[in-house]
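Here is the naming used below: chain letters follow the sequence lines, and residue numbers restart at 1 for every chain. Atom set for the values below is all heavy atoms of this structure, side chains included, hydrogens, waters and symmetry mates excluded.
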Amino acid sequence: MYNETVIDHFNNPRNIGELSDADGVGETGSFKCGDTMVLYIKVKNERIEDVRFQTYGCGAAIASSSMLTEMVKGKKIDEAMQITNQEVADALGGLPPLKLHCSNLAADALHNAIIDYRQKQGAS
Amino acid sequence: MQNQLVYMDHGATTPVRKEVVDSMLPFFQEQYGNPSSLHTPGRKVRQAVDEAREKTAQALGADPEDIYFTSGGTESNNIAMRGTAKNRSGGGHIITSSIEHHAVFDVCRDLENEGYKVTYLPVDQFGRVSPEMVRKAIKPDTFIISIMAANNEIGTLQPIREIGSLAGELGILFHTDAVQVVGQLPVNVDDLNVDFLSLSAHKFNGPKGIGALYVRKGVKVDSIYRGGSQERKMRPGTENVPGIIGLSRALELAVSDIPKKKKRLEALRDELIGGLLRIDDVVLNGHPEQRLPGNVNVSFKHIEGESVLLSLDMEGIAASSGSACSSGSLEPSHVLSATGLDQSTAHGSVRFSLGWGNSKEDVDYVLQKVPSIVERLRNISPTYHSR
């Protein structure tokens with residue numbers, strides 16, 4: 001049911017873990033199926049310098065989190081804000097239809113991390 | 001990398017034994033007559049079907065006239081429940097459990113929509129229905145009780161004999177979905193006091209697409225189908241002859257193997273359970289003793305079942321899960337929820353179901369692979385880190 005790219009990202013997820021000095025942290029989850037993602041970003045000159053993730057969920061949830069971190073590393077935060085869940089699924093070469101709704105939430109976690117970063121900027 | 005195949009999903013289906021395949025083969029190209037035909041080829045096949053019915057009945061301690069061949073467990077359950085309800089068209093009350101297979105559960109939901117009343121009995125933390133609860137749920141218009149003999153996910157055995165005698169005492173019909181039990185544990189319809197019993201061949205090393213329904217003599221059931229007079233109109237349509245032959249042979253073999261198979265599987269099961277529980281934050285689902293000989297169901301906390309299954313598959317281990325992501329719905333299994341398991345622990349459930357082909361080496365291999373799979377997935381999980 002999963003293609004090779006998805007399996008590769010599931011088996012060898014990129015950028016796992018936490019960033020203790022993160023500039024922004026975003027979380028998202030699907031209450032129904034229980035998936036949870038936490039995304040940490042480090043920002044320098046308005047670019048995402050480093051990114052890490054932690055995910056609880058199925059193969060699709062883990063693979064899409066991993067793919068997202070690859071897509072945003074080095075990107076300007078304004079551009080990163082535009083990334084959609086659909087683009088993450090496309091980059092993975094597609095996901096089973098059911099998974100598009102419940103497990104493909106990585107972009108939401110990223111957007112939340114960027115919002116968190118901007119709020120912290122505004123506060124300081 | 002795909003290593004050796006360790007198949008631990010016998011609760012889903014089993015391989016067909018060679019003796020069973022051999023028994024079926026003549027009925028494809030040599031003895032292909034229609035058992036309803038008057039001519040010699042037809043009559044020969046009729047005789048083979050009759051013999052298969054006798055063997056099947058004998059394995060269950062039943063009368064051959066009380067055995068109806070069907071397409072499997074789902075159809076048997078539908079015929080028993082819908083057929084009984086149809087016979088009493090005036091409505092009435094049904095008692096079942098909250099952990100039935102969808103082939104009973106969803107039929108009861110339908111009957112509810114059609115005006116019947118249904119009580120879905122709760123279960124305890126181990127997934128057991130109590131006979132006392134059944135007694136308390138009985139109403140003056142209760143006409144059937146349907147409780148599965150063993151649960152397919154968590155393997156919990158139900159007190160069928162006690163519920164059966166209670167039902168018999170009060171003159172209420174009793175159906176049991178015994179799909180997971182037949183061929184694994186001794187089953188005798190009189191001993192269990194059942195009026196209906198559903199079984200499916202592919203769960204005991206028989207072919208898929210064939211099952212049977214036992215209906216006690218004198219019990220009134222309306223046919224839910226219209227067609228020919230096969231299976232005394234209960235299941236019209238030309239008989240699946242190779243399937244019927246295969247079912248009866250598989251059942252005969254499975255029943256004669258029960259004494260040694262049960263012991264062997266229970267030993268493997270307990271070793272696997274013991275090994276899995278040595279991993280941190282793992283809980284056993286189902287009953288510690290009252291469970292199917294081959295059923296192991298555990299929840300790995302902080303990780304999700306489908307990701308465990310995928311990782312196991314890459315190591316050549318076939319298992320299954322009651323998690324939402326692997327069930328094709330977004331909800332975790334209704335069975336695990338009914339035992340009171342919290343949602344996130346239910347999502348981390350994995351079932352290993354052992355069968356005839358499994359060995360101690362298989363158990364050792366699984367126990368060697370699982371800890372690193374669990375550790376890897378926990379390292380990715382936010383809930384593990386924030387403990």
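Using a distance-only test at 3.5 Å, with no hydrogens or angles considered, a donor-acceptor pair links the side chain of B:Ser321 to the main chain of B:Ser349. Judged by distance alone, with hydrogens and angles left aside, the side-chain atoms of B:Asn77 form no donor-acceptor pair with the main-chain N or O of B:Thr74 at under 3.5 Å.
Looking only at heavy-atom pairs under 4.5 Å with chain B, the residue among A:Val38, A:Thr55, A:Ile62 that has the most is A:Thr55.
Ring pair A:Tyr56/B:His347 is perpendicular by interplanar angle, where above 60° counts as perpendicular and below 30° as parallel.
The stretch residues 64-72 of chain A places none of its residues near chain B, where near means some heavy atom under 4.5 Å from a heavy atom of that chain.
Applying the salt bridge (charged side-chain N to carboxylate O under 4.0 Å, His left out) definition to pairs two or more places apart or across chains, none involves residues 53-65 of chain A. Residue pairs satisfying the salt bridge (charged side-chain N to carboxylate O under 4.0 Å, His left out) criterion with at least one member in residues 339-358 of chain B, sequence neighbours excluded, are listed as follows: B:Asp9-B:Arg351.
Applying the side-chain hydrogen bond (donor to acceptor under 3.5 Å, both in side chains) criterion to A:Tyr40, with sequence neighbours excluded, gives A:Gln54.
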